Protein chains: 2
Amino acid sequence: MDSEKLKLISKISRLYYLGSFNQQEIGTKLGISRTKVSRYLDLARREKIVEIHLNLPEGQFSELEFGIEKRFGLGECLVVASYEDKNETFKAAAARLGSKLERILERGSYIGIGWGTTLKNVADRIQVGKDYGQKVVPIIGGLGKIGTGVHTNQIASTLANKLGGISYMIHSPGVLDSREAREIIENDSNTRETIELSERVETAILGVSDIGPQSTLLKSGNFKEEEFEYLKGLGIVGDINLNFIDRHGRHVKNRLDGRLIRVPLDRIKKIKNVIVIGFEKRKVPVIRGALMGQAINTLITDEETAKNILGS
Amino acid sequence: MDSEKLKLISKISRLYYLGSFNQQEIGTKLGISRTKVSRYLDLARREKIVEIHLNLPEGQFSELEFGIEKRFGLGECLVVASYEDKNETFKAAAARLGSKLERILERGSYIGIGWGTTLKNVADRIQVGKDYGQKVVPIIGGLGKIGTGVHTNQIASTLANKLGGISYMIHSPGVLDSREAREIIENDSNTRETIELSERVETAILGVSDIGPQSTLLKSGNFKEEEFEYLKGLGIVGDINLNFIDRHGRHVKNRLDGRLIRVPLDRIKKIKNVIVIGFEKRKVPVIRGALMGQAINTLITDEETAKNILGS
DNA sequence: CCATAAATTGCACATCCGTGCATCAGTAGC
DNA sequence: GCTACTGATGCACGGATGTGCAATTTATGG
């Protein structure tokens, strides 16, 4: 590039970024059109005559967050540190979830809630600054023994308390013994009324399960090992809200589907904010699936898991 | 500031400056209003979370240029290196003048031209890329012996050739022996026609003189030493287009004024672009005066002089 | 030299962005 | 508890900015 042009571009950049002149003023001052100033500024940025540097505070995992958002076209990713003590990780995740909720929740709106160990632990630790009058609705049938706290009703109740709102309950299991039982229960008004509330849900908070030996789904006795093996055989990597998906996030039809009570995946995809919380290596494939399938808008995870998600 | 807020601001900054999202998109993505995004970005810049750095090529004296522009509210300052060999300085100044003219000149418009050693040397060395069809008009009477090349007519002619245009001539001296002589000459149609052309001038290129022993004004015999002493006594620091000014750039009435033929200062101030070229320490006070008095829009000088201009 | 392609330019438009203002939530003092 | 103050918020407006387009200029090939 011509040296005089370079000098001109430098001068424009200086006036624009360091001085407080707008493009019109610079154009008039230097005897060129405003359009040209705009284009030269663009050139200056592209040629790195102007560099924009971010002093991002350390330890924030912005790189990981940004990387995941970019790679999967995700709305927002929140990464917390991976602590030795899992409780610390839960606490950190709870803090990020709280701040996210404070941003997005509107007074009195409906929150859909899933189930599981992760969700329980995060819900227990969440803190928000004021009362939001939320209505917290289960969007899945009951799973896990009552008393362990991982049941959706209990998590909904905890969260409603923390957010200063009310919670609804679902009075049916998530996994029935037969298709017929599921049909009867699902059509019962008790269940229907709760499930229909999910139509109003603008924000859903969900966990994900893998289908390995450590999954609460298995440990709590809802499924048998051979069923997991069968699911694996279909290419399934885990579930999101009891919707079994493959590594591309596609729901895979299977013989268990007919026995489940939960809001199905295609309806979840219509919810404005779907927040998934998930840690640990075993969950990486299912989280990836959820991301690939564009099923969720927000992911909360920890550093290690985030790295694994990004790792090819 | 709250750590969660900081994280949010970092994220916004990243999406805005490194990603290619606009404020609306970021707001939607993160669940906040666009206004808030705008204000957080402002905060990020003020708190230096976002830093804008200019990679200004070295050796350009941008600091000096910017300093003078800022201190005196000058439109544009162009600084060239101070070479041992004055010819080099003239050459560099000619290059900057040329590029400036290429920016601001419109085809067929009028250029007003002064006189002097500096102007002669710069005009001799100027190069432009194409023909502008300029009309070059003297805006001062003749000064300096013909043949030395410092006469306004000769400079006008040189410049017109370089710019691919035509030049006009003035057929009267700049300094007359008496007020009566000046009146007669000035009212003569030959002079009047040329001087009236100055009304059309949109760009003027001028030198400045000090009133010391090295001034061409003195050396060429237009003024006597005792006249300079008299002018100094009035607080005059030099002249711009034969308008004697004090250190604040104010025109100072004096007994010589009546004998001069030149476009007066108040009319010069109405010209859109007034470019002054001046080097050397002796000219610092008069250049400062011209700057203070807001008489000019553009100053072309060299590093050393620029430093002296800025030095308190 | 002309003809064609490529680049530059300014205009006009649509979008984008900063900011005054009114409103609302949070806080401190009584 | 009430009131007054401070700060945060969103709306709406107008100014600031980027960009498609057509016209012009410049470079390239014949």
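Here is the naming used below: chain letters follow the sequence lines, and residue numbers restart at 1 for every chain. Please read these numbers as outputs of a predicted model, since none were measured by experiment.
- Proximity of Q23(B) to the phosphate of dT15(C): no side-chain N or O atom is located under 4.0 Å from OP1 or OP2.
- Protein atom CD of E102(A) is 15 Å distant from nucleotide atom P of dA8(D), rounded to whole Å.
- Closest of all the heavy-atom pairs between E202(A) and K272(A) is O-CB, 3.3 Å.
- When rounded to the nearest whole Å, the span between NZ of K5(B) and C1' of dG7(D) equals 10 Å.
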Could you go over nucleotides 19-24 of chain D and give all protein N or O partners under 3.5 Å, atom names and distances?
unit_1, atom_1, unit_2, atom_2, d
dG20(D), O6, R39(A), NH2, 2.9

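- If you check the side chains of K100(A) and T298(A), you find a donor sitting under 3.5 Å from an acceptor.
- Between Y16(B) atom OH and dC16(C) atom P the separation is 10 Å, expressed in whole Å.
- Residue N22(A) contributes atom CG, which lies 13 Å from atom C1' of dG14(D) at whole-angstrom precision.
- Here dC16(C) presents its P atom at 16 Å from OH of Y17(B), a figure rounded to the nearest Å.
- For the pair K135(B) and Y168(B), the NZ or CZ position fails the cation-pi test of under 6.0 Å to the six-membered ring centre and within 45 degrees of the ring normal.
- Surrounding NZ of K48(B) are at most 12 heavy atoms belonging to other residues, nucleotides or ligands under 6.0 Å away.
- For F21(A) and dA16(D), the CZ to P distance is 14 Å, given to the nearest whole Å.
- Of the candidates K7(A), R14(A), K11(A), E65(B) forms a salt bridge (charged side-chain N to carboxylate O under 4.0 Å, His left out) with just one, namely K11(A).
- At the phosphate of dT9(C), neither OP1 nor OP2 sits under 4.0 Å from any side-chain N or O atom of S33(A).
- Nearest approach of V79(B) to A306(B), heavy atoms of both residues: CG2-CB, 3.9 Å.
- Distance, I26(B) CD1 to dG18(C) C1': 15 Å, rounded to whole Å.
- Nucleic acid contact class of R45(B) (heavy atoms, under 4.0 Å, all strands): sugar-phosphate only.
- Side chains of Q23(A) and R34(A): a donor-acceptor N/O pair is present below 3.5 angstrom, by distance only.
- Counting to the nearest Å, the C1' atom of dT8(C) and the NZ atom of K36(A) are 8 Å from each other.
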